[in-house]
Amino acid sequence: MAWKASSSQASVGGLGSGALSHVFIQYPPLRCNIPGSRGFYYDDGNKLLISPTSDQIFSWKTAPFSPLAAPITDSITEGPICSVRFSLDEKIMAVQRSNISIQFWHRETGDTFTHRCKSESESILGFFWTDCPSCDIVIVKTSGLDLFAYDSASKSLILVETKKLAVSWYVYTHESRLILLASGMQCKTFHGFQLSSAGIIRLPKFEMVMAKPEANSKPVLASEDVYIVTVYGRIYCLQVDRVAMVLHSYRFYRDAIIQQGSLPIYSSKVAVSVVDNVLLVHQVDAKVVILYDIFADSRAPISAPLPVLLRGFQRSDISNSRPSTKESESSEASDSNDNEAVIYGADWTFLVPDLICDVANKLLWKIHLDLEAISASSSEVPSVLEFLQRRKLEANKAKQLCLAIMQTMILERRPITMVAKAMDVLVTSYSLSLKTGSYFKGIKTERTPSSVPNVSGPGQATDVFTSRTDGKSVQHEPATGVNTVSFSRPSTYSSSEMEDNCIFEPSKISSNDTQFVGGKVDASAESSTTDNPLNASVSEQQESQLTSPAISPDEMYRSVFAPIEEEMTVEPSYLVAIILEFFRCANLERVKVHPSVYVLTIQLLARSEQYAELSLFIINKVIEPSKEVALQLLESGRQSLQIRKLGSDMLRQLSLNHDYVLLLVQDGYYLEALRYARKHKVTTIRPSLFLEAAFTSNDSQHLAAVLRFFSDFIPGFRSTSDFFTYYNVLNEMSSSVTA
């Protein structure tokens with residue numbers, strides 16, 4: 001895609017209204033300034049930002065994100081805190097006190113107990129809660145994994161299974177249910193497990209690629225260089241190679257891990273986010289972000305490298321809202337306001353999928369895509385439309401942008417072939433949404449307790465400001481709010497209409513499965529071992545799928561064709577050619593076209609007096625028969641008897657007997673209408689309509705025939721007011737003739 005920098009239309013105080021960006025954070029942030037805070041931890045299962053003090057735990061819900069969210073407070077006993085995380089049902093709070101002990105609290109009863117390592121030679125690297133049917137909590141140690149069941153009666157952990165492995169550090173996300181355990185001298189050898197409500201899958205052992213430096217030194221892979229992300233329902237691992245300056249990608253299958261290409265990086269420090277299935281690679285040193293759409297076949301980014309934009313911020317916000325009589329207080333407010341406006345600050349920590357924690361200022365930001373800026377940054381319209389049609393979080397905005405793009409193309413009289421390609425994209429997307437059912441769904445799956453199979457629940461937490469999970473707690477000064485026992489990184493939950501609706505069901509690899517942003521692998525070599533991809537939790541995928549950006553034929557008519565026709569800004573022949581391309585696309589995808597589009601086509605052809613072409617379209621059923629089409633043919637046929645006859649024939653062919661009888665009566669053929677009504681048993685026509693037509697003809701014999709018809713075939717007609725009225729009229733007509 002030929003992308004270029006574009007200007008966001010948002011007016012941003014302090015940065016200028018013309019700031020360039022495709023990604024933004026919205027002011028105000030969630031402020032988490034708690035006196036005595038010992039730092040922050042992120043619980044990606046419960047979507048909680050957690051900040052402990054010496055004797056309390058404060059937690060904020062981050063989904064749905066709200067800057068006004070109030071913290072929930074839990075009391076604890078004083079002591080060291082390495083990490084905090086809540087059980088899936090949020091009834092149990094666990095606090096890691098050291099590298100050998102974890103303390104548990106029942107939040108309702110206040111009951112507590114402590115779990116300790118039995119061996120002094122092993123250390124706890126971290127732990128996470130799981131919805132796996134065989135265990136409730138997994139403790140990760142330097143000697144491997146311990147799987148425990150929580151016994152509420154005895155208030156203790158019961159060991160279920162132990163997996164012995166040498167572990168240097170690990171990465172885990174609750175959404176993927178995937179844990180990667182690093183080992184070896186360079187920490188590049190990995191063992192993987194997926195623990196979900198469907199059971200436990202052990203992945204094959206694999207090694208990550210690391211380029212060799214010129215010197216004889218061997219670089220060691222760090223935990224902050226490995227990310228687990230979910231994009232379009234597929235689980236990927238992204239690994240930073242600082243020597244080669246690339247970001248390697250790996251796709252997970254039950255029996256293989258396949259490297260699927262690499263992306264260049266331009267900064268010694270990078271971070272990863274995922275927003276609405278779009279991969280964001282933050283070049284932190286350069287203070288820019290590059291966007292990639294993994295669904296596409298190209299490794300090219302979908303945008304130019306641009307900084308994150310702060311939207312909605314005004315430097316006078318705090319000083320105006322907090323008047324002070326002292327200059328020092330005003331200066332303090334101004335400084336605080338300026339600190340909130342810092343982009344890519346030194347203390348920014350990126351939480352996958354789409355959050356940024358500003359440790360120094362105790363703020364939490366949510367990352368957003370500027371779809372309007374992204375769509376304006378490319379001249380390749382079909383690619384832009386494909387990108388927009390894959391968006392879910394802001395589906396309505398994506399839909400409106402697609403409609404605006406289509407309207408603009410037609411108004412600018414772009415070549416018909418170009419418009420046809422754009423039509424293909426939209427119709428194909430709509431067809432797919434019908435097949436998958438996403439067009440009719442407004443899915444928002446409610447979370448249920450973890451005992452229910454295949455249902456996502458809250459779980460694993462992440463220590464926000466950490467570098468390694470090697471069991472060595474490197475404490476920063478309390479003022480920095482940093483705890484450096486890093487455990488895991490949260491992932492995103494995302495939806496894909498192309499993926500299977502089960503985590504563990506086999507799925508044949510498509511062309512998209514064998515590529516990562518253009519990083520191609522041999523599908524034939526891969527197919528024998530990778531028929532079972534690991535996918536993200538289905539229920540969490542559905543939760544993000546609130547609606548669909550697909551555009552129906554009716555919406556295409558109301559928002560594109562009709563407004564253009566009303567404004568009379570393009571020639572009818574050009575618009576007809578565009579609509580015919582729309583018919584072609586719809587026919588290929590077996591999509592039913594709304595009758596309003598056919599009616600508009602008839603109007604345009606009749607306005608240009610192209611009656612011969614219109615007749616061919618009707619005869620060859622390019623324009624599908626319907627009541628609306630038939631009535632429009634009758635209306636447009638006032639200047640062409642052939643077109644009017646096509647309309648009347650269509651009414652009869654569609655068995656629209658009521659409308660056909662009315663047509664005959666309106667055209668003066670009321671006796672023929674009576675015969676047709678009698679033959680086809682049309683009983684919905686008012687007798688007065690026929691009687692009035694016969695009276696208007698001023699023919700007493702016709703009026704008498706109509707009266708006799710209804711008297712014979714409608715029981716009780718002789719006692720109606722219509723009979724007496726027109727019987728008297730008939731007598732008067734007969735008397736005048738005799739006289």
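Starting from 1, each residue takes its place in the sequence as its number. The analysis underlying the following values was restricted to heavy atoms, covering all of them including side chains, and did not include hydrogens, waters or symmetry mates.
- For the residue pair Val160 and Ala149, the shortest heavy atom distance occurs at CG2-N, 3.7 Å.
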- [ ] Dump the intermediate steps for side chain to side chain contact (heavy atoms under 4.5 Å, CB included) on Leu203 and Phe252, then the final yes or no.
- [x] CA-CA 8 Å; Leu203 303 179; Phe252 292 97; 3.7 Å; yes
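- When atom types are taken as modelled, the side chain of Glu78 and the backbone of Ser54 share no donor-acceptor pair closer than 3.5 angstrom.
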Name the atoms and distances for all side-chain donor-acceptor pairs under 3.5 Å in residues 181-193, with sequence neighbours left out.
residue : atom : partner : partner atom : Å
Ser183  : OG   : Thr189  : O            : 3.4
Gln186  : NE2  : Pro219  : O            : 2.9
Thr189  : OG1  : Glu207  : OE2          : 3.3

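- Residues Ile228 and Tyr172 fail the side-chain proximity criterion, which asks for heavy atoms closer than 4.5 Å.
- The two atoms that bring Val240 and Leu221 nearest to each other are O-CD1, 4.0 Å, heavy atoms only.
- At distances below 3.5 Å, not a single donor-acceptor pair connects side-chain atoms of Arg234 with backbone N or O atoms of Val231.
- With rounding to the nearest 0.5 Å, the separation of CH2 in Trp105 from CG in Asp74 is 10.0 Å.
- Looking only at side-chain heavy atoms (C-beta outward), Asp354 and Lys366 come within less than 4.5 Å of each other.
- For the pair Tyr292 and Leu263, the tightest heavy-atom approach, listed with the atom from each and the gap, is CE2-CD2, 3.6 Å.
- Relative ring orientation between Phe40 and Trp60 is described as tilted, the plane-to-plane angle lying within the 30° to 60° band.
- Between Val229 and Val272 the shortest side-chain heavy-atom distance falls below 4.5 Å.
- Remark: the Thr162 side chain and the Asp146 side chain contain an N/O donor-acceptor pair separated by less than 3.5 Å.
- A donor-acceptor pair is defined here as one N or O able to donate and one able to accept, closer than 3.5 Å; such a pair exists between the side chain of Ser51 and the backbone of Gly39.
- When each of Thr130, Leu195, Leu145 is paired with Ile200, the side-chain contact (heavy atoms from CB on, under 4.5 Å) condition holds for Leu195 and for no other.
- With rounding to the nearest 0.5 Å, the separation of OG in Ser59 from CG in Asp43 is 9.0 Å.
- Between the Lys47 side chain and the Asp44 main chain, a donor and an acceptor come within less than 3.5 Å of each other.
- At a threshold of 4.5 Å between non-hydrogen side-chain atoms, the residues Arg311 and Tyr27 do not count as touching.
- Within a 6.0 Å radius of NZ in Lys163, other residues, nucleotides and ligands contribute more than 12 heavy atoms.
- Between Asp111 and Lys155 a salt bridge is recorded (basic side-chain N to carboxylate O distance below 4.0 Å).
- Taking CG of Leu306 as the reference point, atom CG of Leu291 lies at 9.0 Å (rounded to 0.5 Å).
- No donor-acceptor distance shorter than 3.5 angstrom exists from the side chain of Ser37 to the backbone of Thr53, with no hydrogens or angles considered.
- Between Arg31 and Asn361 there is no side-chain heavy-atom pair separated by less than 4.5 Å.
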TODO: Could you walk me through whether His282 and Phe350 pass the ring pair (Phe, Tyr, Trp, His ring centres under 6.0 Å) test, one step at a time?
DONE: CA-CA 9 Å; His282 302 272; Phe350 293 85; 4.1 Å; yes
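- Residues Leu238 and Leu279 meet the side-chain proximity criterion, which asks for heavy atoms closer than 4.5 Å.
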TODO: Tell me, with the steps shown, if Leu280 and Val274 meet side chain to side chain contact (heavy atoms under 4.5 Å, CB included).
DONE: CA-CA 6 Å; Leu280 281 60; Val274 176; over 6 Å; no
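- Classification of the His115-Phe148 ring pair by plane angle, with boundaries at 30° and 60°, yields perpendicular.
- A cation-pi arrangement is found for Arg85 relative to Phe127, the charged atom lying closer than 6.0 Å to the ring centre and inside a 45° cone about the ring normal.
- Side-chain contact check for Thr77 and Arg97: at least one donor-acceptor pair (N or O, by modelled atom type) lies under 3.5 Å.
- Here Tyr344 contributes atom OH and Gln283 contributes atom CD; the two are 8.5 Å apart, rounded to the nearest 0.5 Å.
- Taken from CD1 in Ile25 to CD1 in Ile367, the straight-line distance is 8.0 Å, to the nearest 0.5 Å.
- By the 4.5 Å heavy-atom criterion applied to side chains, Thr62 and Leu48 are not counted as neighbours.
- For the residue pair Glu175 / Thr230, a side-chain donor-acceptor distance below 3.5 Å is found, with atom types taken as modelled.
- The aromatic rings of Trp129 and Phe104 lie perpendicular to each other, with more than 60° between the two planes, well past the 30° mark.
- Residues Ile102 and Thr114 are not in side-chain contact: their nearest non-hydrogen atoms beyond the backbone lie 4.5 Å or more apart.
- With 3.5 Å as the limit, one finds a donor-acceptor pair spanning the side chains of Ser268 and Asp285.
- When every heavy atom of Val226 is checked against every heavy atom of Cys237, the shortest pair comes out as CG1-SG, 3.5 Å.
- By the 4.0 Å N-to-carboxylate-O rule, Asp276 lies too far from Lys392 to be salt-bridged with it.
- Between Gln96 and Asn99 the shortest heavy-atom distance is NE2-CA, 4.1 Å.
- Judged by distance alone, with hydrogens and angles left aside, the side-chain atoms of Gln194 form a donor-acceptor pair with the main-chain N or O of Ser176 at under 3.5 Å.
- The CG atom of Asp347 sits 6.5 Å away from atom CG of Asp358, with the distance rounded to the nearest 0.5 Å.
- Summarising the geometry of Ser101 relative to Ile124, their closest heavy-atom pair is N-CD1, 3.8 Å, with the distance given to 0.1 Å.
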Task: Derivation of the side chain to side chain contact (heavy atoms under 4.5 Å, CB included) call for Tyr41 and Ile81 - done: CA-CA 11 Å; Tyr41 306 93; Ile81 297 175; 4.0 Å; yes
- [ ] For Arg116 and Glu122, run salt bridge (charged side-chain N to carboxylate O under 4.0 Å, His left out): C-alpha distance rounded to whole Å, both residues' side-chain angles, the deciding distance at 0.1 Å, then the answer.
- [x] CA-CA 11 Å; Arg116 290 182 173 84; Glu122 57 188 14; over 6 Å; no
TODO: Decide side chain to side chain contact (heavy atoms under 4.5 Å, CB included) for Gln239 and Tyr250; before the verdict, give the C-alpha distance in whole Å, the side-chain angles of both, and the deciding distance to 0.1 Å.
DONE: CA-CA 8 Å; Gln239 171 225 340; Tyr250 305 84; 2.7 Å; yes
